[in-house]
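The structure presented is a predicted model; accordingly, all values stated were derived computationally and were not measured. When a residue number appears, it is its place in the shown sequence, counting from 1.
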Amino acid sequence: MSETTHKVGKPEIRVDAYDKVTGRTKYYEDRIPPGTLYARILHADIAHGIVKKIDASAAKKIPGVVKVLTCFDAEKLPCFPTAGHPWSMDPAHQDVADRHLLNRHVRFHGDDVAVVIAKDEVAAMQGVRALKVTYEELPFVLDPLQAMKEGAPVLHEAYPDNVLGHGERRSGDYASAVKEKGLIKVEGWYETPMVQHCHIENHGCFAYAENGRMVVVSSTQIPHIARRVVGQALNRPWGEIRVIKPYIGGGFGNKQDILYEPLCAWCSEAVGGLPVRVDCSREETFVSNRVRHAMRFHIISWLKKDGRLYARKVEVFSNQGAYASHGHGVTMKGMNSFAQHYPCEHLELDSYTVFTNTPAAGAMRGYGMPQASFADECNADDCAKALGMDPVEFRKLNLMPVGFTDAFSGNVNYFDSYGQCMKAAMKKIGYDKKRKAYAKQTGNLRRGIGMATFWYNTAVYPIALETSANRMQLNLDGTVTFQCGETEIGQGADTAFAQMVAEAVGLKSYRDVRVESCQDTDLTPTGTGAYASRETYVAGFAIMQTAGLLREKILGHAARLTRQTVSNLDIEDGNIVRQSDGHVLMSLSELSMTVQYDPVLSEHITAESTFTIRNNAYSFGCTFAEVEVDLALCKVKILNMVNAHDCGSVINPALAEAQVHGGMSMAIGYGLSEQLLFDEKTGKPLNNNLLDYKLSTFCDHPRLDALFIENPEPTSPFGTKSLGEPPTCSGAPALRNAILQATGLAMNEAPLNPHRMFAAFSEAGLL
């Protein structure tokens with residue numbers, strides 16, 4: 001193809017922009033049929049206990065109440081897993097099945113105990129309030145280290161020590177290495193909070209029976225996985241379940257879990273297949289959906305006098321909450337980063353994922369890496385300070401070198417991405433000049449500049465199945481309809497797919513690709529969904545393969561119609577052209593019409609294929625942050641923030657920049673203000689609403705700059721690699737490290753809010 005045909009790499013307008021801004025886009029709630037029944041859930045108001053009795057007599061008398069289902073009814077059905085992972089035929093690699101549709105053994109304040117189905121929302125809510133539950137209360141534990149101690153309350157019989165998983169990794173001889181003379185020891189505890197995704201659209205779904213099958217329409221990131229889990233939960237063949245995913249108002253990983261789809265389907269079954277809806281309030285979303293794992297890290301780093309990292313011991317304690325969900329996989333991802341981000345000769349890594357009586361932790365944007373990055377990058381600055389070395393120079397000396405290969409994933413660091421990203425960000429923010437200017441400050445207002453780096457994998461190979469399928473059909477007007485299992489959840493994936501398809505097929509514009517955004521498991525080719533920053537990368541393999549099949553069919557017909565050889569034909573800008581002289585022979589529209597209405601050889605030209613991906617790829621980058629700290633008010637004002645990425649070839653620069661800005665925003669809240677809090681006496685959530693939960697807002701944001709270093713990924717058909725999650729990883733530690741320079745204080749527990757700063761400033765005598 002000529003250079004003029006390239007459709008990728010351009011900042012095109014989103015394919016769904018017009019319908020979204022005009023209100024035409026239909027989300028799950030817009031599709032609910034009239035007369036749908038309402039299901040409202042009774043959540044436990046204790047942190048741990050056993051349901052002994054539920055008196056539903058008063059609830060059943062309320063006008064409009066149709067059915068009451070309780071945890072005693074749910075015991076008849078099997079336990080099921082909820083994590084949005086691909087299925088494995090190997091039982092040892094399947095997710096933990098520890099959930100009932102409703103739970104008699106209550107494991108956190110907010111657990112699902114009963115559900116009321118009614119003709120309207122008011123009756124359903126009244127019915128829930130009328131239920132009377134008798135509990136046998138049990139002791140509870142909120143802290144993972146306390147939960148691991150002998151005598152702690154046990155949440156699951158299969159895990160008597162409350163440890164869902166323990167992972168370890170060893171290299172070299174740590175015990176002997178640390179005995180060498182002249183080493184510099186840097187030790188610290190680092191802690192990250194439990195937070196919620198706070199997507200605009202709360203989770204919701206509705207279900208109904210049709211022709212003996214159950215149909216679930218859900219705001220989910222993983223429709224094909226949801227079908228499987230609903231089948232498991234209802235103990236029905238998976239083929240009897242149909243899941244439809246409409247447009248989604250954000251997910252960030254919360255909707256990479258199966259939340260209330262099985263319960264909603266069960267409710268519909270209970271009322272004879274009538275349509276039933278389950279809508280989560282914001283308060284329910286905070287507690288009864290999923291949260292990000294709070295993690296505690298203990299790091300001991302041993303340094304040579306020249307600044308090189310020689311040996312390291314890392315322990316990770318992850319708060320899983322009440323149920324397994326994505327479980328130990330999140331912790332292991334964070335733990336394994338320590339072996340790759342700053343490789344060293346002698347290493348001991350141990351990670352523990354621990355059940356507690358708090359909301360279940362699952363996938364959230366970054367999947368363990370924001371937690372690990374905070375600890376790793378805070379410790380890196382602490383090491384630089386102990387050495388009297390500039391933080392950037394310490395990282396240049398110790399970060400993953402070019403040519404590094406991970407033995408497990410096969411990932412290779414092909415480029416000096418770290419050096420390129422740091423150089424670009426330093427120049428943009430004026431690092432060298434400001435670092436010197438802020439070195440020695442007095443007074444109440446003090447400024448600092450800090451930085452942090454990150455790495456990230458792309459997709460889930462070789463840990464789990466990584467597959468993508470799509471279908472393309474040539475329409476009569478020369479456009480192409482495109483279907484795939486990878487889901488648009490607000491991030492702009494459909495637009496990137498359209499650009500890639502237009503490039504691969506040879507269309508005039510990405511507007512000539514009709515992307516079917518709403519997945520339907522009866523109709524849409526299989527794809528595992530939106531997670532692991534995988535979609536552009538994995539879909540690229542299938543798009544290139546399917547486009548090749550479609551082109552082969554098109555050019556075969558074109559050769560017959562134009563009496564040319566296939567080898568001398570190409571598709572450029574929506575036309576069949578002769579390669580020898582570039583002459584346009586016919587348009588795709590003319591070809592499609594001619595072939596489809598050929599009285600002898602009629603064909604509707606389509607192609608479909610599946611590609612199993614057996615590659616992975618590294619993304620790299622860094623964040624630089626400049627802050628002003630008001631000691632008296634214990635407040636931080638962010639003055640500037642720069643995020644630089646090597647995410648390979650950028651398909652759509654405008655969408656890429658938006659992804660980075662969104663990730664930086666989440667990192668600001670993670671670093672400075674967000675944390676779910678619980679009453680230590682009752683286990684009750686204290687701030688499960690958007691008023692008391694301090695989400696960062698536009699007023700908290702400085703100028704945000706996104707920079708891209710484009711080193712095309714050699715394993716990728718379009719040169720792409722992960723971008724969706726990496727922007728969330730390095731922002732919080734960059735802010736911490738900027739505050740470290742401004743105040744001289746190493747504060748290691750996020751968020752660095754005024755409460756924590758007041759305690760630190762007071763202890764240091766700064767107030």
Report yes or no: do [X] and [Y] form a side-chain donor-acceptor pair below 3.5 Å?
X	Y	value
N289	H203	no
N689	R282	no
N319	T356	yes
E535	Q491	yes
Y260	D112	yes
Q320	T353	no
T697	D700	yes

Flag, side chain of [X] to backbone of [Y], donor-acceptor distance under 3.5 Å:
X	Y	result
Q221	G253	yes
T36	I32	no
E191	E749	no
N103	V106	no
T82	I258	no
T524	T521	no
K694	L691	yes
N162	P153	yes
D679	K684	no
D120	V65	no

Run the ring-centre check on F297 versus Y190 and record whether the distance is less than 6.0 Å.
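So the answer is no for these two rings.
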Less than 6.0 angstrom separating the ring centers of H48 and H105, yes or no?
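When the ring centroids of H48 and H105 are compared, they turn out to be within the sub-6.0 Å range.
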Is there a side-chain hydrogen bond (donor to acceptor under 3.5 Å, both in side chains) between D350 and H166 once you walk through the steps?
CA-CA 7 Å; D350 284 278; H166 170 229; 2.9 Å; yes
Nearest 0.5 Å, please: how far is [atom2] in [Y] from [atom1] in [X]?
X	Y	atom1	atom2	result
L735	Y670	CG	OH	13.0 Å
Q94	W87	CD	CH2	3.5 Å
T134	D55	OG1	CG	8.0 Å
Q232	I241	CD	CD1	11.0 Å
T220	I489	OG1	CD1	9.5 Å
D520	H224	CG	NE2	8.5 Å

Go through the steps to decide whether S219 and Y27 satisfy the test side-chain contact (heavy atoms from CB on, under 4.5 Å), and finish with yes or no.
CA-CA 8 Å; S219 176; Y27 298 84; over 6 Å; no
Assess whether atom [atom1] of [X] is packed by more than 12 heavy atoms of other residues, nucleotides or ligands within 6.0 Å.
X	atom1	value
M747	CE	yes
K333	NZ	yes
E168	CD	yes
N211	CG	no

Assess [X] against [Y]: is NZ or CZ under 6.0 Å from the centre of the six-membered ring, and within 45 degrees of the ring's axis?
X	Y	result
R290	Y323	no
R756	F758	no
K245	Y28	no

Taking NZ, NE, NH1 and NH2 as the nitrogens, is one of them in [X] or [Y] under 4.0 Å from a carboxylate oxygen of the other?
X	Y	result
R242	E210	yes
R277	D279	yes
E240	R213	no
E725	R365	no
R236	E269	yes

If you apply the rule salt bridge (charged side-chain N to carboxylate O under 4.0 Å, His left out), what do you find for R296 with E315, and how did you get there?
CA-CA 8 Å; R296 199 171 298 163; E315 293 175 291; over 6 Å; no
State, with a plain yes or no, whether a side-chain heavy atom of P223 is found less than 4.5 Å away from one of T487.
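Yes, at least one pair of side-chain atoms sits under 4.5 Å.
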Flag side-chain contact, heavy atom, 4.5 Å: V51 against Y135:
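A side-chain contact under 4.5 Å exists here.
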Might you work through the side-chain hydrogen bond (donor to acceptor under 3.5 Å, both in side chains) test for S88 and H93, ending with a clear yes or no?
CA-CA 6 Å; S88 173; H93 287 87; 4.9 Å; no
Aromatic plane relationship, Y367 with H326 - under 30° parallel, 30 to 60° tilted, over 60° perpendicular
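H326 vs Y367 ring planes: perpendicular.
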Parallel, tilted or perpendicular for H197 and H199, by the 30°/60° rule?
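If you compare the ring of H197 with that of H199, the planes turn out tilted.
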Which heavy atom of [X] sits nearest to which heavy atom of [Y], and what is that distance?
X	Y	value
P144	S318	CB-O, 4.2 Å
C729	M369	SG-CB, 3.7 Å
A532	V460	CB-CG1, 3.7 Å
S696	S665	OG-O, 3.3 Å
Q256	A363	OE1-CB, 3.2 Å
G127	V116	C-CG2, 3.7 Å

For M295 and T331, run side-chain contact (heavy atoms from CB on, under 4.5 Å): C-alpha distance rounded to whole Å, both residues' side-chain angles, the deciding distance at 0.1 Å, then the answer.
CA-CA 8 Å; M295 292 190 190; T331 314; 4.1 Å; yes
Evaluate the side-chain contact (heavy atoms from CB on, under 4.5 Å) criterion for residues F252 and M666: first the C-alpha distance (whole Å), next the side-chain angles of each, then the deciding distance (0.1 Å), finally the verdict.
CA-CA 10 Å; F252 302 124; M666 294 183 81; 4.2 Å; yes
Which is it for H293 and Q371 under the side-chain hydrogen bond (donor to acceptor under 3.5 Å, both in side chains) test, yes or no, and what are the steps along the way?
CA-CA 8 Å; H293 296 73; Q371 300 95 312; 4.8 Å; no
What verdict does the side-chain hydrogen bond (donor to acceptor under 3.5 Å, both in side chains) test give for S673 and N753, after you've listed the backbone C-alpha separation in whole Å, the side-chain angles of each residue and the deciding distance to 0.1 Å?
CA-CA 5 Å; S673 62; N753 56 29; over 6 Å; no
Could you walk me through whether I225 and T528 pass the side-chain contact (heavy atoms from CB on, under 4.5 Å) check?
CA-CA 6 Å; I225 294 174; T528 49; 4.2 Å; yes
